[in-house]
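The figures here come from the full heavy-atom set of this structure, side chains too, leaving out hydrogens, waters and symmetry mates. Both counts, for ligands and for their atoms, begin at 1 and track the order of listing.
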Amino acid sequence: MSAPPPPRDAAAAALRAFSEAFGGTPDGVWRAPGRVNLIGEHTDYNEGFALPFAIDLAAHVAVRARADRCVRLLSTHGGGVVELDLDSLSPDGAPGWAVYPAGVAWAVAERGADLPGFDLALDSTVPVGSGLSSSHAIECAVATALSELAAADLGPEDLVLVTQRAENAFVGAPTGILDQSASLRGTAGHAVFLDCRDQRIELIPFDADAAGLAVLVVDTKVAHSHAGGGYAERRAACELGAEVLGVAALRDVSSDDLAEARALLDPVTFRRVRHVVTEDERVLATVDVLRSEGPAAIGPLLDASHASMRDDFEISCPELDLAVEAARSAGALGARMTGGGFGGSAIALIPRAAEAAVRDAVSAAFGRAGFGAPDLFTVVPAGGARRVL
Ligand code: ADP
Ligand code: MG
């Protein structure tokens, strides 16, 4: 195996881009990570449980307050400087990626914060559109920066809601709180056990490295889109299920209720409901197993989660299924697609000693199937959003 390239210093890259585009130095540099969801998919908007962790890939924003109401935004990914007026922010007026920082500025201002105009340069190491939440990494980094610049005194729990508001009302994606909870509240060596009903979190030790394991991400490069129909359709099915079953949210249904639910729901809605109900229970089981036995024992739960997403929730795709199968047959302890689905990434929990074999097996399987080559890289549970400079 060839040596991996040295990690990109995104803080330095953001600083450099800032001084090239805007001159001088920023007031600070803030960092917020992407995330991997270990287990608990499409449970967040059902007021259920999830177990994501912040990863060691992150968005860095260099930001300086301005004396006027102008907002200037630059990403090292290109597109040049976008210029906006803080007092007339609208989704239509924010082209491309600018919708994320603009949405966050809008949501911070909506909180009554005294937000100044600002210049912002972004550099991110989170791969775009891979299901690792590069968009939330941006939103959480910007929210952390702007809350400090506006002296708004918004803590991580507030910023979870600010970024959700930005996503829902400005970006126009009906997403829950999972991604930003991990990015804002994660800590190194832990997964974030999240109760989406009351936003409470508990940090669960998940030190794969210490257990001789690694989390391998297989980025299938298949495009996914939360704004697209699939996500909204699944969400609507869950709402219909809850309504017919007479509960506030699917969180309130247990697997003991499923026999009755089958009689009341159409077959498709029933399968959607069954995924959410059993996924919630798998999250709770994973937390128990991590506490009692450690990371090496959670493999079967990851496998069962993937089967449920593939068969009941129908959000997988052939590339994700192949990644999971190939990783497992080459020695992964468990594997599942992660993120919203319809593409993006799978994760495999692997013994370190099997890493080369799993990588080779996945790449070879993709080649044989005629799929484009996936990106393969390992991630570790890392700290959440913070100021770095
Ligand atoms: P994911 O969040 O899973 O990576 P999304 O489709 O939700 O995928 O978000 C991807 C979008 O986030 C991109 O289309 C782009 O607008 C924005 N984005 C992410 N990283 C960057 C970056 N470094 N520079 C500019 N835009 C970015
Ligand atoms: Mg996203």
Side-chain angles (χ1 to χ4, degrees), residues 8-18 21 29-37 41-42 44-45 50 52 54-55 57-63 72-82 84 91 94-104 120-143 145 160 163-164 166-168 170-184 217-232 315 317 320 337-347 375 377 379 385:
R8 177 179 175 80
D9 184 344
L15 265 179
R16 205 165 41 243
F18 184 95
V29 177
W30 289 261
R31 163 196 196 282
R35 64 96 189 91
V36 155
N37 194 17
E41 222 67 74
H42 287 261
D44 61 345
Y45 55 80
I55 58 177
L57 299 168
H60 287 72
V61 293
V63 189
R72 295 192 294 176
L73 306 165
L74 174 84
S75 164
T76 56
H77 280 204
V81 174
V82 174
L84 305 170
W97 74 280
V99 73
Y100 300 107
V104 169
L120 180 151
L122 161 74
D123 187 85
S124 181
T125 54
V126 187
V128 176
S130 304
L132 303 184
S133 236
S134 66
S135 55
H136 280 94
I138 298 173
E139 290 172 321
C140 293
V142 174
V160 165
T163 50
Q164 187 191 22
E167 276 273 313
N168 294 170
F170 200 92
V171 176
T175 47
I177 59 166
L178 185 151
D179 299 338
Q180 53 273 64
S181 293
S183 182
L184 290 161
V217 175
V218 180
D219 179 358
T220 64
K221 311 279 200 71
V222 177
H224 74 107
S225 171
H226 274 186
Y231 184 92
I315 53 171
C317 65
L320 286 168
M337 53 149 282
T338 184
F342 310 105
S345 298
I347 53 168
D375 264 352
F377 52 94
V379 290

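- For the pair V128/W97, no side-chain contact is recorded, criterion being any heavy-atom separation below 4.5 Å from C-beta on.
- Of all the atoms in ligand 1, the ones that sit under 4.0 Å from a non-hydrogen atom of H77 are 22 (C), 23 (N), 24 (N).
- Between atom 9 (O) of ligand 1 and the options G34, S135, G340, S345, the minimum heavy-atom separation is to S135.
- Residues T220 and M337 form no side-chain contact, since every pair of their non-hydrogen atoms from C-beta on lies 4.5 Å or further apart.
- For the atom pair T175 OG1 and N168 CG, the distance stands at 5.0 Å (nearest 0.5 Å).
- Partners of S133 according to the side-chain contact (heavy atoms from CB on, under 4.5 Å) rule, which considers only residues two or more places apart in sequence or in another chain, are R35, H136, D179.
- Applying the side chain to side chain donor-acceptor pair (under 3.5 Å) criterion to T76, with sequence neighbours excluded, gives D123.
- No side-chain heavy atom of Q180 sits less than 4.5 Å from a side-chain heavy atom of E139.
- Taking every heavy atom of S130 and a limit of under 4.0 angstrom, the matching atoms of ligand 1 come to 4 (O).
- Not one N or O of V128 is nearer than 3.5 Å to an N or O of ligand 1, by distance alone.
- Residue-level proximity to ligand 1 for I138 is carried by the side chain, the only part with a heavy atom below 4.0 angstrom.
- Taking any N or O of S134, backbone or side chain, at least one lies under 3.5 Å from an N or O belonging to ligand 1.
- On a distance-only criterion, G96 and ligand 1 share no N/O pair closer than 3.5 Å.
- Residue contacts with ligand 1: S75 is placed with a nitrogen or oxygen under 3.5 Å of a nitrogen or oxygen of the ligand (distance criterion only).
- In V126, neither the side chain nor the backbone holds a heavy atom less than 4.0 Å from any atom of ligand 1.
- Near G131, with a cut-off below 4.0 Å to any heavy atom, the atoms of ligand 1 are 3 (O).
- Because the distance cut-off is set at 2.8 Å, T175 fails to qualify as a neighbour of the Mg ion (ligand 2), as none of its N, O or S atoms comes that close.
- Counting heavy atoms from C-beta on, the side chains of V63 and W30 come closer than 4.5 Å.
- Each of D219, D375, T338 was scored for a side chain to side chain donor-acceptor pair (under 3.5 Å) with S130, with one residue passing: D219.
- Residue contacts with ligand 1 for A59 are absent, since no atom lies close enough (heavy atoms, distance under 4.0 Å).
- The aromatic rings of Y231 and H42 sit tilted, their planes meeting at an angle between 30° and 60°.
- Which parts of ligand 1 touch S124 is read off a 4.0 Å heavy-atom cut-off, strictly below it: atoms 23 (N).
- Set against the non-hydrogen atoms of Y100, the atoms of ligand 1 under 4.0 Å away are 9 (O), 11 (C), 12 (O), 16 (O), 17 (C).
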